[in-house]
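Data first, discussion second: the structure below is written as structure tokens.
First the proteins, then the strands, lettered A, B, ... as listed; each starts at 1.
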There are 2 protein chains.
Amino acid sequence: MVKKTGRPAYLQIADDLREQVRGGSLAPGAPLPSTAQLAEQYDASLSVVKMAVGILRNEGLLIGQQGKGVFVRDDESSESGQGPAVDLVSEVIELRTAVRDLSERLAQVESTLSERSDR
Amino acid sequence: MVKKTGRPAYLQIADDLREQVRGGSLAPGAPLPSTAQLAEQYDASLSVVKMAVGILRNEGLLIGQQGKGVFVRDDESSESGQGPAVDLVSEVIELRTAVRDLSERLAQVESTLSERSDR
DNA sequence: CAGGCCAACTAGGTTAACCATGTTGGTCGC
DNA sequence: GCGACCAACATGGTTAACCTAGTTGGCCTG
């Protein structure tokens, strides 16, 4: 499953899961496959899957419950008063992570470029 | 250094570093201590330090450069507060600004590259 | 002295193992 | 039947090891 692009596997899986949530393939409140099942699906190790889930958990997109599983964040479950639709929120989160990733990569390119022009 | 609170060590370290950046103790563009040094400072393993740095890197707060070190991001314009539940409208505005900034920087890099390949 | 090579650093990705903790379902004894 | 227990599963945190790759400085050779 993991493509041979330079992008690390755990980010690829995180992107894919984020896309599934945003696209509705994983509905709010729905459980994700277990870590072991995800590892088999993506043909990846348990470690990278745990990393990917950890990222999305950190972003607030997923909520893990020990002993039960990992679930797509549900508005009602997390907070009562809620504003915009989940679609918009997750899309903004996705865009934000994409922008940050691009920003970092560009900064690295710029850095190496300036370094080489100095010498 | 790591307190025995329920909060995991890698989050404690990430919080501490984030606070140092926000408080100016780590100036924009300044390098962080190496992973090994941070591990010694916090009396933690290399793994948890790498996790903490990875989180802040994912947030866009830090930028890692292989072989050199990890640096505090100096670009203040496209950096948005990583606090969750930010107003969606302002978030979109910030993202739009960030995309425009990235486009300009990318164009600059591309032109530099083409000039260089011409000669 | 000049240039190249190499050893010692750096970050970063991946994997595997161990442990803690929580949930669930089935079985066994009463 | 009912309750207690237990095995199997789940997430989550931590650690260690191995590998890739980039940078830097020093040493050695020509």
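Following rounding to the nearest Å, B/L56 (CG) and C/dA11 (P) show an atom-to-atom distance of 14 Å. One atom, OH of B/Y42, and another, P of D/dT15, lie 15 Å apart when rounded to the nearest Å. Rounded to whole Å, the distance from CG on B/L46 to P on D/dT15 is 10 Å. Whole-Å rounding puts the B/Q65 CD to C/dG12 P distance at 9 Å. The interatomic distance linking B/L32 (CG) with C/dA11 (P) rounds to 9 Å, in whole Å. Atom CD1 in A/I13 sits roughly 11 Å away from atom C1' in C/dT14 (whole-Å rounding). Computed from coordinates, the A/I55 CD1 to C/dG12 C1' distance equals 13 Å when rounded to whole Å. Rounded to whole angstrom, the span from the CD atom of B/E40 across to the P atom of C/dT10 amounts to 11 Å.
Ranked by how close their nearest DNA chain C nucleotide is to the 5' end, B/G69 and A/K50 are led by B/G69.
Interatomic distance, A/R18 CZ to A/L11 CG, rounded to the nearest 0.5 Å: 8.5 Å. Atom CG of A/L56 sits about 12.5 Å away from atom CD1 of A/I63, to the nearest 0.5 Å. With rounding to the nearest 0.5 angstrom, the CG atom of B/L62 is 5.5 Å from the CG atom of B/L32.
For A/E40, the CD atom is loosely surrounded, since the number of other residues' heavy atoms within 6.0 Å does not exceed 12.
Residues A/K50 and A/T35 have side chains in contact (heavy-atom distance under 4.5 Å, counting atoms from C-beta outward). Taking 4.5 Å as the limit, every side-chain heavy atom of B/V48 sits out of range of all side-chain heavy atoms of B/Y42. For the pair A/L38 and A/I13, the minimum side-chain heavy-atom distance is 4.5 Å or more. Taking the side chain as every heavy atom from C-beta outward, A/E59 and A/I55 approach each other to under 4.5 Å.
Counting only heavy atoms from C-beta on, A/S47 has its side chain closest to C/dA16 among C/dA16, D/dG13, C/dT10. The side chain of A/M51 lies closest to C/dT14 when the candidates are D/dT15, D/dG13, C/dT14. Closest to the B/V48 side chain, of the nucleotides D/dG12, D/dT14, C/dT14, is D/dT14.
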Q: Going 5' to 3' through nucleotides 20-26 of chain C, assign each nucleotide B (protein heavy atom under 4.0 Å from a base atom), S (under 4.0 Å only from sugar-phosphate atoms) or - (no protein heavy atom that close).
A: -BBSS--
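Not one side-chain nitrogen or oxygen of B/Y10 sits closer than 4.0 Å to the OP1 or OP2 atom of D/dT14. Listed pair B/R7 / D/dG12 fails the phosphate criterion, with no side-chain N or O lying under 4.0 Å from OP1 or OP2.
In this structure, a donor-acceptor pair under 3.5 Å is absent between the side chains of A/D16 and A/Q12.
A/T35 comes within 4.0 angstrom of sugar-phosphate atoms only, judged by non-hydrogen atoms across all strands, and of no base.
For the helix from C/dC1-D/dG30 to C/dC30-D/dG1, the angle separating the two terminal helix axes comes to 30°, with each axis derived from five pairs and the value rounded to 10°.
A/A14 and A/A52 make their closest contact through N-CB, 3.8 Å (heavy atoms, listed as atom of the first residue, atom of the second, distance).
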